[in-house]
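Report on the structure given below.
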2 protein chains.
Amino acid sequence: MEIGGLVINRKEVAKLAGVSEATVSRVLNNVGPIADRTRQRVLEAARQLNYHPSAIAQSFVKRKSGNIGVILPYVPKVHIFSTYYFSEILSGIGEQVKRNGYDLLLLFLTPEEELNYAQYFQKQKIDACIILGARDVPQERKALLELERGGYPFCLVNQRFEGCRYYGVDADHVTGSYEAVRHLAEQGAKDIAFVNGPMMYSNSADRLEGYRRALEEAGLPYRPERVFEGNYSRKSGYSLSASLTLQGSRPDAVFAANDRMAIGLLQGWKEKGLEAGRDIALAGYDDSDAAKLTGPPLTSVDVPFFEMGGRAVEHLIRQMQAHSESIAGEPFYEILPTRLMVRPSSKFNPRK
Amino acid sequence: MEIGGLVINRKEVAKLAGVSEATVSRVLNNVGPIADRTRQRVLEAARQLNYHPSAIAQSFVKRKSGNIGVILPYVPKVHIFSTYYFSEILSGIGEQVKRNGYDLLLLFLTPEEELNYAQYFQKQKIDACIILGARDVPQERKALLELERGGYPFCLVNQRFEGCRYYGVDADHVTGSYEAVRHLAEQGAKDIAFVNGPMMYSNSADRLEGYRRALEEAGLPYRPERVFEGNYSRKSGYSLSASLTLQGSRPDAVFAANDRMAIGLLQGWKEKGLEAGRDIALAGYDDSDAAKLTGPPLTSVDVPFFEMGGRAVEHLIRQMQAHSESIAGEPFYEILPTRLMVRPSSKFNPRK
DNA sequence: ATGAAAGCGCTAACAA
DNA sequence: TTGTTAGCGCTTTCAT
C-alpha cells in the first residue's frame with residue numbers, strides 16, 4: 001500500500017529540466033529575466049512530474065501563511081453555522097477571501113481556554129483575522145488590545161468597542177431598530193415592549209438606543225420594565241412570551257432584537273391562542289429566511305450580513321498592504337445600512 | 001507604527017534560559033529526559049518572552065500542516081453556509097476537528113478552475129480532507145481517483161460512487177424516502193408524485209429507489225411521468241408547483257426530496273389557494289429548521305447531518321493513524337439512519 | 001540569463 | 001541529561 005502521496009520537489013524538476021533549482025523557482029514565480037527556451041523546459045518538466053510547490057515551505061520562508069483566520073465564538077448548544085447571522089457573514093467572508101487568493105482557516109473558541117487571539121499570529125497560522133461575535137467584556141478587550149499592540153491585522157464584525165479605534169464593519173442597528181419601533185408606533189401601538197439581547201454586545205445597546213429614540217419621537221414614555229433581556233435564542237423568546245402576556249397588562253406590540261427570539265414569542269403566543277398581527281404586533285430583526293416562513297410572516301429588519309463579511313476581508317487586505325508598504329493605515333469603522341421589511345406580523349388591531 | 005508583530009524565536013528563549021535550542025524544543029514538546037531545573041528555566045523564559053513556536057516551521061519540518069480541509073462545492077447564487085444541509089455538516093466537522101487538535105481549512109471550489117483535489121495535498125496545505133457535495137460526473141471521479149492513487153486520506157459525505165471503495169459517511173436515504181412515501185400511502189394517497197433532485201447525486205438515486213419501493217409495497221404503480229426533477233432549490237420547487245397542479249390530474253400527495261423544494265411547492269400552491277395537509281399531502285426531506293415553521297408545518301425526514309460531519313472527521317483521523325503505522329485501513333462506508341417526522345402537511349383528505 | 005549559497009525556525013539523530 | 005548538527009523545500013541575494 002502506498003503511504004502518503006509521493007511528493008515531487010523542486011530538485012527533481014531542476015534535474016529533469018537540466019537547470020538549477022533557483023531557475024525553477026524563478027520560472028514558477030515569474031521573477032527575473034528568463035530565456036524563453038529555459039522557461040519552456042522548466043514548465044514542461046514541472047508538468048510531467050506533476051509538481052506543485054510546497055505551500056508550507058513557501059510560507060516558511062516568506063513568513064506568510066496565506067491564511068485568513070475567522071475566529072468563531074463558542075455558543076453553547078448551538079450549531080454555529082446554522083444560525084443565519086454567522087452563516088451569512090461567513091459566506092461573504094468566504095467569497096472575498098477566495099477572490100483575494102487566500103485560504104480560510106476557521107478558529108473555534110472553546111469555553112475552557114482563555115481568550116488569546118494574538119497566539120494565532122505568533123504561531124503564524126494566519127496573516128490576518130476576522131473576529132465574530134465579540135463581546136464587550138474585560139478579557140475580550142484584553143485579547144484585542146494584544147492584537148493591536150502586536151500590530152496584527154484584524155477586523156471586527158458587528159461589534160464596536162467604546163474608546164477603541166479598531167477596524168470593523170457594523171450595521172446601523174440604531175436606525176434599524178428606530179425604524180422598526182417607529183413602524184410599530186405608526187400602526188397605532190401605544191405600549192411597545194422590547195425583547196433585547198445581552199448588553200455586552202454593542203448591537204444590543206444600539207437597538208436599545210433606537211428603541212428609545214423611536215418612543216421619544218412618538219411621544220411614548222420609555223419604561224424600563226418594558227425592556228426584557230433574552231439571549232438571542234428561540235428558547236429565550238419562548239420563555240419571555242409568558243412574562244409578556246401573563247402580566248396584567250399585555251403590550252400592544254413587541255420589538256424583538258432578532259428573529260429567533262421573535263419566533264419563540266410567536267410559538268409561545270400561539271400556544272395561548274394569541275396571534276401576532278391580530279392580537280399583538282410583532283417585529284423581529286435580521287430578516288432571516290425564517291421570517292418569510294412563519295405564520296404570520298414576520299416584519300423584520302434586514303441586515304446586509306453577507307456584504308459585511310466581504311467588506312471585513314477587504315479591510316484586512318488593505319491593512320496588510322499598508323503594512324507591507326509601511327504606511328500607517330487609518331483605522332476604519334464602516335457602518336452599513338439596514339432596511340425594514342414590513343410583513344403581516346406587525347399589524348396592530350386597536351380593539352383588543 | 002509597528003509593522004507586524006515582533007515574533008520571538010527559539011534562539012532567544014535558549015539564550016535567556018541559558019540552554020541550547022534543542023533543549024528548548026525538548027522541554028516544549030515534552031520529549032526526552034529533562035532535568036527539572038532546566039525545564040523550569042526554559043518554561044519561565046518562554047513565558048517571559050511570550051514565545052509561541054512557529055506552527056509553520058513545525059509543519060515544514062514535520063511535513064504535516066495540522067489542517068483538515070473541507071472542500072465546498074460551488075453552488076451558483078447560493079450562500080453555501082446558509083443551507084441547512086451544509087451548515088449542519090460543517091458544524092459537526094468543526095466540533096470534531098477541534099477536538100482532535102487540528103485546524104479547519106475551508107477550500108472553496110470555483111466554476112472556472114477544473115476539479116483537482118490532490119493539489120491541496122501536493123501543496124501540503126492539508127493532511128486530510130472531507131469532500132462535500134460531490135457529484136457523480138467524470139471529472140469528479142477523476143479527481144477522486146487521483147486522491148486514492150496518491151494515498152491521501154479523504155472522506156466523502158452524503159455521496160457514494162458505484163464501483164469505488166472510498167471512505168464515506170452517508171445516511172440511509174433509501175429507507176428515509178421509503179418511509180416518507182409509505183406514510184403518504186398510509187394516509188390514503190393513491191397518486192403520489194415525487195419531486196427529486198439531480199440524479200448525479202447518489203442520494204437522489206437513493207430517494208428514487210425508496211419511492212419506488214414504497215409504491216410497490218403499497219400496490220401503487222410506478223409512473224415515470226410522476227417523477228419531476230428540481231435542483232434542490234426553493235425556486236425549482238416553486239416552478240414545479242405549476243406542472244404539479246395545472247396538469248389535468250392533480251396528485252393526491254407529493255414527496256419532495258428536500259425541504260427547500262417542499263417550501264417552494266407550498267408557496268406556489270398557496271398562491272393558487274391550495275393548502276398542503278388539506279388539498280394535497282406533502283412530505284419534505286432534511287427536517288430543517290424551516291420545516292417546523294411553515295404553514296402548515298412540514299412532515300419531513302430527519303437526517304443526522306451534524307453527526308455525519310463528526311463521523312467523517314473520525315474516519316480521517318483513523319486513516320491518518322493507519323498511514324503512520326503503515327497499516328492498510330479498510331475503506332469504510334458508514335450509513336446513518338434517518339427518521340420520519342410527521343407533521344400536519346402530510347394529512348390527506350380523500351374528498352378532493 | 002543562470003548558478004551557488006545562505007538562511008528561514010524547527011525536529012531528530014547522533015555525540016558527548 | 002544536554003549540546004551539536006544535518007536537513008526540511010523554498011526564496012533571495014550575490015556572483016558569474
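So that the names make sense, note that chain A is the first sequence line, chain B the second, and so on, each numbered from 1.
- A/Tyr102 and A/Asp127 form no side-chain donor-acceptor contact under 3.5 Å, judged by distance and modelled atom types alone.
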- [ ] Show your reasoning for whether salt bridge (charged side-chain N to carboxylate O under 4.0 Å, His left out) applies to B/Glu44 and B/Arg41.
- [x] CA-CA 5 Å; B/Glu44 175 55 20; B/Arg41 281 224 309 283; over 6 Å; no
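- Between the CD atom of A/Gln122 and the P atom of C/dG9 there is a distance of 15 Å, given to the nearest Å.
- Considering only the side chain of A/Ala57, D/dG9 comes nearest among C/dA1, D/dG9, D/dG7.
- A/Glu95 has a carboxylate O that lies under 4.0 Å from a charged side-chain N of A/Arg99, or vice versa, which qualifies the two as a salt bridge.
- Considering only side-chain N and O atoms, B/Tyr51 lies nowhere under 4.0 angstrom from the phosphate OP1 or OP2 of C/dG9.
- The separation between A/Asn29 atom CG and D/dT13 atom P is 13 Å, rounded to whole Å.
- With hydrogens and angles left out, the side-chain atoms of A/Ser82 and B/Glu88 include a donor and acceptor closer than 3.5 Å.
- What separates CG of A/Asn30 from C1' of C/dA1 is a distance of 15 Å, to the nearest Å.
- At a non-hydrogen distance threshold of 4.0 Å, B/Val19, B/Ser20, B/Ala22, B/Thr23, B/Arg26 from residues 11-28 of chain B come into contact with DNA chain D.
- Spacing between atom CG of A/Asp36 and atom C1' of C/dA1 amounts to 12 Å, rounded to whole angstrom units.
- As a whole-Å value, the separation of B/Phe60 CZ from D/dC10 P is 8 Å.
- We find that B/Glu334 and B/Arg318 are not joined by a salt bridge, their nearest charged nitrogen and carboxylate oxygen being 4.0 Å or further apart.
- Proximity of a side-chain donor or acceptor of A/Ser65 to a complementary backbone N or O of A/Lys125 within less than 3.5 Å is detected.
- Proximity note for A/Ile34 (side chain, C-beta onward) versus D/dC8, C/dA1, C/dT2: the nearest is C/dT2.
- Below 30°, between 30° and 60°, or above 60°: for A/Phe81 and B/Phe81 the angle between ring planes is below 30°, a parallel geometry.
- Here the C1' atom of nucleotide C/dG9 and the NZ atom of B/Lys62 are 13 Å apart, to the nearest Å.
- One can place CZ of B/Arg63 at 16 Å from C1' of C/dG9, the figure rounded to the nearest angstrom.
- The phosphate of D/dT2 has OP1 or OP2 within less than 4.0 Å of a side-chain N or O from B/Thr38.
- Using a 4.0 Å heavy-atom criterion, one finds that B/Ile56 contacts no nucleic acid atom at all.
- The separation between B/Gln124 atom CD and D/dC8 atom P is 13 Å, rounded to whole Å.
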